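None of the values given here were measured: they were computed from a predicted structure. Convention: sequence-line order gives letters A, B, ...; per-chain numbering from 1.
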Amino acid sequence: MSVLVFAEAINNKYKKSSLEVVNYGAKLASSQGSNVIVLTNASADAAAELGKYGAQKVLNFESDSLHDNKMLSQIISDVANSHNADTVILSDNSKGKSLAGRIAIKLDAAAVSSATTLPNLEDGFVVQKSLFSGKAIGHYQMKASKKVITVAGNSIGLEEMGQPVAAEAFDASAYNATVEMVETKRVEGTVPLPEAELVVSAGRGMKGPENWGIIEDLAKTLGATTACSRPVADTGWRPHHEHVGQTGIAIKPNLYIAIGISGAIQHLAGVNHSKTIVVINKDPEAPFFKAADYGIVADLFDVVPRLTEALQKFKAS
Amino acid sequence: MNLLVCISKTPETTAKIAFKENDTQFDTDGVQFIMNPYDEWYALVRAIELKEQLGTGKVIAINVGPPSNDIVIRKALAIGADEAVRVNGEEKSATFVSKQIANYAKENNIDIVFLGKETIDYNGSLVGGMISELLDVPFLSYASNLEMEGDTATVTCDIEGGEEILKVKTPFVISAAKGLAEQRIPNMRGIMMAKRKPLVVIDPVEVTENEAIASYSIPDSKSGVKLLDPENMDELVRLLHEEAKVI
Ligand SMILES: Cc1cc2nc3c(=O)[nH]c(=O)nc-3n(C[C@H](O)[C@H](O)[C@H](O)COP(=O)(O)OP(=O)(O)OC[C@H]3O[C@@H](n4cnc5c(N)ncnc54)[C@H](O)[C@@H]3O)c2cc1C
Ligand SMILES: Nc1ncnc2c1ncn2[C@@H]1O[C@H](COP(=O)(O)O)[C@@H](O)[C@H]1O
């Protein structure tokens, strides 16, 4: 019996979410008394580092193209079968979730996406996940003998727990893609929103797109990624990929600063799992204050530049 | 082309969430249901547009659920689906739903299965991959653009911090993200016509339950907001550093 983790690499680099799944797999394996195998699409050198996060055995194939979930799910399922793995752990991103359903069918496994806890093994195999826009938690009993789990980012923390291990090459040359890759585009420069630890977000209280300079200054000073509410993206004040909430991106950063956003339930649905929430709004009745850790009732045009200044002073000290 | 669109229902977003039977069941008492926005705004509309562009084919809406779902299915017909199917069963798990839909697709010569990227209540995002695997076809997930030329589709798929542009031949499954289409509001004529369109009810195939929600709980709420003096932003910075430890 073993746990198989798929750790996605981009240009031989791992994002935190990929390291977190290795950690998750290692912790699950140790609680079950089994071992953890990590399959990854990076060079042997890069892959060896996964040992630091708990991988006991690492299999690598070099490929930068994970666009065909049909092919990749076949690879992962084949490795699971040949290594006697009964649990497959994936990142909770667009790739991981697309793979999870496929692999669950191939292995006839129980599947849960966006798990926020390690499995509780006391009473079967139970993982938790957030439901109904964060208004409830579901406790999923995974009954089948095999399991597929995608792990929500920032759920169990990340720690170093081992030494690098030499990666063994996995031969993936016999697998053929069924989807043709035309082009991959990545937003350069800033950390993409789903992975950002620090987020500065603004809403209709900004009055117009021409006023976003103060938001960008604050974000730059903090090293944060910018986000916005839905009407702001819908009216074209900001690009669509910044839209957070129920119908936009759901995020879980360490710090979410909401500026001139009322805090409608559909907005909160995408951000209320942030570790710390700061709300700046001139209306003391704004619903966002109920979900906030720190609140400032003031005109954003006064207070945002002052916050930036205070941060600059802090960074310089 | 035969286009199948998977339609799910979800509680209206401001609905009060409560549980019954010792927190093992979602209490639907007084809860208003709507069509899942990704299904309604993007998947369904893009399928209808595609049929309009091609000038042939049909759009079939499918739902797995109880008779009370018919109201949501009728809305899909009012927006422009040609016919509808309801698999009469409780939507117990993603596996259950996927097997019903894949089964229908196999028997009905479907070229493209459209679905939403996720339901906004349970956020599973698993049904698409499962249906694709059951049909043994490619799965284009989180699609924000789809162009067809003959039997070849060019699809833009959202990935974290960017996008992938992919080419694939039918048959395939595609899950809709924001951008795939523009929301359409059903008009009076559509609503009237929907009443005359076929809504076929079929029995579910049997499925073993691989996973189930054993119970629900309510998360701990925030302990309350700390209001700070707007004149003293140094204090906020100090708290973020020393108390919250996030900077
Ligand atoms: C099905 C559905 C899905 C939705 N999905 C999403 C989603 O994913 N994301 C999302 O964001 N919304 C979503 N919405 C919309 C949501 O309901 C709200 O309408 C939206 O979030 C409001 O955006 P806002 O807070 O920017 O604007 P408003 O509600 O207009 O709030 C502006 C706020 O700015 C404050 N303000 C104004 N001027 C100042 C100033 N000078 N200084 C300080 N504060 C000021 C005001 O007090 C107010 O609280 C959805 C709605 C529906 C029906
Ligand atoms: N009961 C259902 N009937 C029909 N389609 C469904 C059902 N449940 C989910 N779907 C489809 O699958 C998509 C993803 O759902 P999920 O994987 O549950 O997040 C939804 O957006 C729907 O298009």
I'd like to know if A:R102 and B:E133 make a salt bridge, using a cut-off of under 4.0 Å between side-chain N and carboxylate O. yes
Greatest number of heavy atom pairs closer than 4.5 Å to chain B - which of A:M142, A:E195, A:K129, A:K313: A:K129
Answer with side chain, backbone, both or neither: which region of B:V155 has an atom nearer than 4.5 Å to a non-hydrogen atom of chain A? neither
Within the 3.5 Å criterion, strictly below it, is a donor on A:Y294 or B:E243 matched to an acceptor on the partner's side chain? yes
Given A:L307, A:L198, A:L99, A:T178, the one with more heavy-atom pairs under 4.5 angstrom with chain B than any other is A:L307
Counting heavy-atom pairs under 4.5 Å to chain B, which of A:A292, A:S73, A:P192, A:P194 comes out on top? A:A292
Interface residue of largest heavy-atom contact number with chain A, from B:A177, B:S132, B:P37, under 4.5 Å: B:S132
Against chain B, label A:N93 side chain, backbone, both or neither, depending on which of its atoms sit under 4.5 Å from a heavy atom there. both
Expected output: side-chain A:K185 to main-chain B:G161 donor-acceptor under 3.5 Å: no
Top contributor to chain A interface from B:A94, B:S98, B:P230, B:S217 [non-hydrogen pairs under 4.5 Å]: B:S217
Looking at A:I277, A:V303, A:L193, which makes the most heavy-atom pairs under 4.5 Å with chain B? A:V303
Under 4.5 Å from any heavy atom of chain A, what part of B:Y142 do you find: side chain, backbone, both or neither? side chain
Under 4.5 Å from any heavy atom of chain A - which part of B:F172: neither
Could you point out which residue of B:I120, B:T13, B:D121, B:I218 forms a side-chain contact (heavy atoms from CB on, under 4.5 Å) with A:F132? B:D121
Select one option (side chain, backbone, both, neither) describing which atoms of A:S91 are under 4.5 Å from chain B's heavy atoms. neither
By a 4.5 Å heavy-atom criterion (distance strictly below it), what part of B:I131 contacts chain A: side chain, backbone, both, or neither? neither
Ranked by heavy-atom pairs below 4.5 Å to chain B, first place among A:H139, A:K70, A:R306, A:K275 goes to A:H139
Less than 4.5 Å to any heavy atom of chain B: does that hold for the side chain of A:A104, its backbone, both, or neither? side chain
Partner of A:L311 under side-chain contact (heavy atoms from CB on, under 4.5 Å), picked from B:L240, B:L236, B:V237, is B:V237
Is there a donor-acceptor pair under 3.5 Å between the side chain of B:Y38 and the backbone N or O of A:T247? yes
Considering only heavy atoms from C-beta outward, does the side chain of A:K97 approach that of B:S141 to under 4.5 Å? no
Counting heavy-atom pairs under 4.5 Å to chain B, which of A:N254, A:L131, A:I280 comes out on top? A:L131
Backbone N or O of A:S94 within a donor-acceptor pair of the B:E160 side chain at under 3.5 Å? yes
Just checking, any donor-acceptor pair under 3.5 angstrom between side chains of A:T184 and B:E164? no
So for B:L166, is it side chain, backbone, both, or neither that comes closer than 4.5 Å to the heavy atoms of chain A? both
4.5 Å side-chain heavy-atom contact, A:V297 and B:L227: yes
So what's closer than 4.5 Å to chain A heavy atoms on B:E235: side chain, backbone, both or neither? neither
Does CD in B:E242 sit with more than 12 non-hydrogen atoms of other residues, nucleotides or ligands closer than 6.0 Å? yes
Heavy-atom pairs under 4.5 Å with chain A: which of B:T208, B:D229, B:D234, B:I165 has the most? B:I165
Examine whether an atom of B:A212 lies under 4.5 Å from a heavy atom of chain A, and if so say whether it belongs to the side chain, the backbone or both; otherwise answer neither. both
Contact part of A:D123 toward chain B, heavy-atom cut-off under 4.5 Å: side chain, backbone, both or neither? neither
So, does B:E211 use its side chain to make a donor-acceptor pair with the main chain of A:Q141 at under 3.5 Å? no
Determine whether more than 12 heavy atoms belonging to other residues, nucleotides or ligands lie under 6.0 Å from atom CD of A:E183. yes
Is it the side chain or the backbone of B:K169 that comes within 4.5 Å of chain A heavy atoms, both, or neither? neither
